[in-house]
Each structure stands twice: as structure tokens, then as C-alpha cells.
Amino acid sequence: MFLMRFTERAYVAYSAEDVQNSFRNAVRLTFSNSHFNPALGADLYNEYLDEYEYSDEIGFDGMMLNEHHNTPTCMGAAMNLEAAILARTTKRGKIILLGNPLPIFDNPVRLAEELAEIDMISRGRLVSGFVRGTGIESWATNTNPAHNRERFQEAHDLVIKTWTTPGPFRWEGKHYQFRVVNPFERPLQKPHPPIWIPGVGSPETIVWCAHHHYPYVYLETDPQVTLDLMSIYAKAAREVGYEPGPQNFGYLVRIHVQDTDEKAYEVGEGFLVGNAGVGRVPLPGDFMAPPGYNSREATKKLLDQYRHSLRPDPLYGGVDAAGWEKVVESNRVIIGNPDTVVKKVRQMLTALRPGILGVWTNDGTISHKDTMRCLQLMEKEVLPALKEMGKELNLPGPFEQAP
Amino acid sequence: MPTTEPHEQFIEVAGAKIHLLKGGQGKPLVVLHSVDGNLGWRSYHRQLAQQFTVYAPTLPGFGLSQRPPWLETFPDLARFSLWLLQELDLPQVSLLGHFIGGWLAVEMAVMCPQILDRLILVDAAGIQPQQGEITDIFLHGQEGTRKLMYFDSQQVSEYQELFGRKPTLEEREIQAQNQENAIRYCWKPYMYDRSLPWLLPRLRVPTLIIWGREDQIAPLECGELYRQAIPGSRLEVIERCGHCPQLEKPEEFSRLVQEFSLKT
């Protein structure tokens, strides 16, 4: 099993009232950046990088980063920069980008170049995930949402061709045209860095992943729903002639460890501050998914096909909206002392059988100090147990068995 | 007295099925709708149908009209709409358009001025204001935009009929489709064409520009800019009226159009 550590790198120095005063009461997109203090930002970026470097030292297999725009909930607005720093300052773990929002790039060739540099500087440790981005990414970059999926697919094809086909070549697509595609620097890994796709369960994307043999990383989706979504992947994989295994699936979950269950309960609640606590939800639906962002026909067709097997999320509105007690009871966020956490993770792994486990250790108001204590406890008492558990439950990751 | 009630029909243009309402008698007047799509045969259509044969097509991708897969941009929409006139066998026609419908009428006019009899622009998009901004209706969302639409929604006699009840599932699906295609055509640059001010002096047809004084979507400044750029055009401002004079002040609106048509 592949163990990667994650945080959204939140900025939480603002009030719920500040959010209520933003246009359409949204914490993303229109929440004024006048609430951002760059001096605090400088501290936070450095702390977050310190945490990633430490997580690499203590035995995580990978450092997972993500990217969002116009939002205090994730400071990774230029994720590839953080990745480039970690490529140089760490020596061991994979750098997992989940992922670059392809549709918002007007120049995917430049993206291919950036990623190739990261791959070389890290000496072949890059995992290059791609996403469509939330609707916020389309708004923030003024990318027409009606073209989101088309641009995702075309940019993906262009990046892969840029990495794998000797240049120069010409690209005349619908959304991208280039006279001379011939970036001199190509990635170290062959045929190209591995590609994983994260998401919250768009059936269209899941089918596309299965057809490409790309592992799909479920972002803290309800466990029952996740099983349903896994069956969509499996069916699509069988259609193209292979049987997927744990190596094709990842699962991201918030896991926080402290010395005692009580302390973990108290500290862990910080996950929700800076999220629900100051009005992250509800966001206007058309901010997250503007008209045209989802292909209505394709979604309807797939939902009609799979509706019978898709259960509703019992924590409708997501982990952030449900309330801390309910979240903890349902194990949607796993917290406790090391023993408690190991037991809870075992239940989850047994049920879902992912080959990639994303460990979202901290967010919101969880302090750097508490995060470092969490990581120290994980080093000694959690990570070794999880690695053993992966072997015992036969959960190979994508680097142990090809997806 | 000719009937002012419409016939519904479908016409094929470039392989796409286009929905159309047609009624009245007289010279042809094509009415081009805005981002909300074809809201049906309203009282202003009936009043105009006393003087004109009114054609109210549903633009491709809206309502019951298909969008050919290649049709992605506003210029595509103008070229397609000129083809629609050809299929309707309308070699000479008056165009009346509201907001994006007005923008569309202008694009068609500067592409093919010889087909035009008269041009009527109503709180039209298409021209970039120099002082203010065209309100971002996509960012405001449907509900927020509706609040900005009217000076006083109580003045809109058809408001209850149009918006007074919860839409059915099918109607919601059509609304989503309309929004999606409005975004497809108008996302960037938002609601204007930078070349238009340089092309408008080409027009030599009688042009009436109607604007609601209190329009909170397309500022009156845009109407002034159109008036300055189109030779011989006239701007009529309706007082105590918002973005949709044809719905909020239908009688005054229709009277302006009818008088303009008789005098020019």
C-alpha cells in the first residue's frame, strides 16, 4: 500500500462575518484577498513545507499537493512551485500532484515543461495527477466552463504526446494550436510520469480513468458510495480487458493522531474551522459547477446507467457540513491515539481495499505544533502498522503492481 | 383584423432543428431573444403582430432548438442566424433584439447590411461601455440576476405567468441548457465585440434604440454609444423601467416600435 500525506494548506485568519460580507457570502472566488496577510502567509508556506519535508523523513511514501484558486481554504494556488521546492529539498518520497487543473491552462506545453523539470530535479519522483478543477477554477481564470471537459481531454492528450513523441510536431486541435511542439527537456520517467486522477466521483471521469489504466483517488467520499463508484471503474476496466485491483484505487481521508483520544477529539475539530466554521459551505452551487461545467447529456446517460447502484451520501453536504460529532461517529474523519487510529483505519481498509491511502493529517486551525506532534506519533506507532496492514490485507499500490 | 396568435413550427438550418413562433401580418419582423431563451408569445408580440409578421425563433442551443456541434462562438451564432433568414425566405427583414438578441441583430447587420429593412435594439449587449460595466449576470446567478432585471416587478403584468411558480423538472432542464449555451457564446469577452464600434458606421438603415432608464444589467451608456456609432439612429429612453422594457412597459415599448416603423 502506498501511503501519502496531505494537507490543503489552509489560511484561517478571518472571521465568519468576513465571509458573510463577501459577494454571495462565498468563502471562495469572491472573498476579498484584502483579508490575506502576506507576512502570515510567508510563515504558513514555510511551515507547510517543513511539515512535508518531515513527513518524507518519517516514512510516508509520498507528499500529496493540490491546487485551488481565489480561496483561503487552500494556499496551493501555484502547486507546481511547491512541488519544485520539495523536488530539491526531499530525497525519498514521491511528489504527488493531485492535480494540475488542465482546462485552465492556455498553454499545456508549458505545463509539460514544468512537470518534466520537476521530474528531473526530483530524479523521477513525480506523480502527475490531472483534474478538471472545481468551477471556481474556471471562474478565477475566466476559462469557459462549457469547454471544461473538452479542454481537459485535449490538454491531457497534448501533454502526453509532448512527453512521449519526439519533437518537433505540430498540434492543431479544437482548443489548442501549436506550430512547433518541441520542448527540449523531457521527463526522466519513461514513458512518462505516472498519472493518477483524484475526484469526488464523476462517473464520466471514472470511466475515462479506467479506460486509461489511471488510478482514481476518491477524495473522502462516503465509504458506501465509494464502493459503488469503484464498481463503475471495475466495469469500465473489464470492458477494455483487464481486472482492476487495489493498485487502481486510492482513498483520501482525514486522519489525525494525538497522545490521547480526548486530545485528538479536541484538536481534530480544527479540521472544520476554516471550513464549515467560517462559512465554507454552502457555496453557491453555480460557483462550484457553473452551467456547462458538467456535460448534461453524458452525466444523465451515466447516471441512468448506474442510478440503481448509487446510494446517497448519508452525510449529505459533505464532511464539512455534517458537524463534528456526527463526522467522528461515522469515522469519516479518523482521530484518536495511535492504537485507536490504527484500529479505525483497519476497518476502513478492509472495507474499501485501496492501494493508495491519502492521509490528510491537518487543516483548518490545527496548529503547526499539533501537526508536528501528530506526525511524530505517526512515525513511531502508526505508519509501521499501516505498512504491515497493507501487506497483510494484500493491498498493493501502483508502484508494486501496475494499474 | 388578422390573428395575432402564433403558429409553432420547426425549420431545419445547417442540419439543426430550429424552433419558431410566427404570427401576425405585414412586413417581416424577426424578434431575437436574450439569455433566458424564448419566453413564448408575450403581449408585446401580440401588439407587434398587428403590424408585422412576427418571427420569434429560439436560438440554437436554447429551448427546443438544436445546436450544431460546431456552433461555439457569437460570430458563429450570427452566421447561423443569417442562414436561418435564408431558410425562412426573408431577403429583406427588420430585426428586433433584446440584450444578447440585440447584440446578435447588430452582428448580423454589420455582416450583411443589405438584408436589413430596420434595426431595433433593446437594452442591447455587444458594445463595451467606457465608464461603467455590463453586469456579470453569470456571476450573479439566475436568482440574483432576476432581482436586477426590473425596476419594479409589479409592473410586469406577465410576471406571475412567467416566473410565479416553481418550474417543472423539464423547465429546469431547459433553463440549465439555456444558461449553458449563453455561457458558451458570451463568456469571454463578456457581452461585447471590440470591433463593433468600428463597424457600426457602415449601417445605413433606420435604427431605433430603446432603453430602460433604470437598467441595472446593460448601462444606458451602451445605448448612447450605439446612438453615436450608428448614423441616423434614435435613442428612446423609457422612464421607471429596467432591463426588459418589452415586459415591464409593453405598451409604451410597442408604441415606440410601431411609430418608428410608420415614420421611417
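Labels below follow one simple rule: chain letters A, B, ... track the order of the sequence lines, proteins then strands, and each chain is numbered from 1. Predicted, not measured: the structure shown is a model, and the values here were computed from it.
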Which N or O donor-acceptor pairs, by atom type, sit under 3.5 Å across chain A and chain B?
unit_1, atom_1, unit_2, atom_2, d
A/Arg24, NH1, B/Leu139, O, 2.8
A/Asn142, O, B/Trp187, NE1, 3.2
A/Asn142, O, B/Lys188, NZ, 3.3
A/Asn142, OD1, B/Trp187, NE1, 3.1
A/Asn144, ND2, B/Ile183, O, 3.3
A/Asn144, ND2, B/Arg184, O, 3.2
A/His147, NE2, B/Glu72, OE1, 2.8
A/Lys174, NZ, B/Glu72, OE2, 2.6
A/Arg296, NE, B/Glu180, OE1, 2.8
A/Arg296, NH1, B/Glu173, OE2, 2.9

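The local environment of CD in A/Glu17 is sparse, with at most 12 non-hydrogen atoms from other residues, nucleotides or ligands closer than 6.0 Å.
For the pair A/Pro291 and B/Ala176, the tightest heavy-atom approach, listed with the atom from each and the gap, is CB-O, 4.5 Å.
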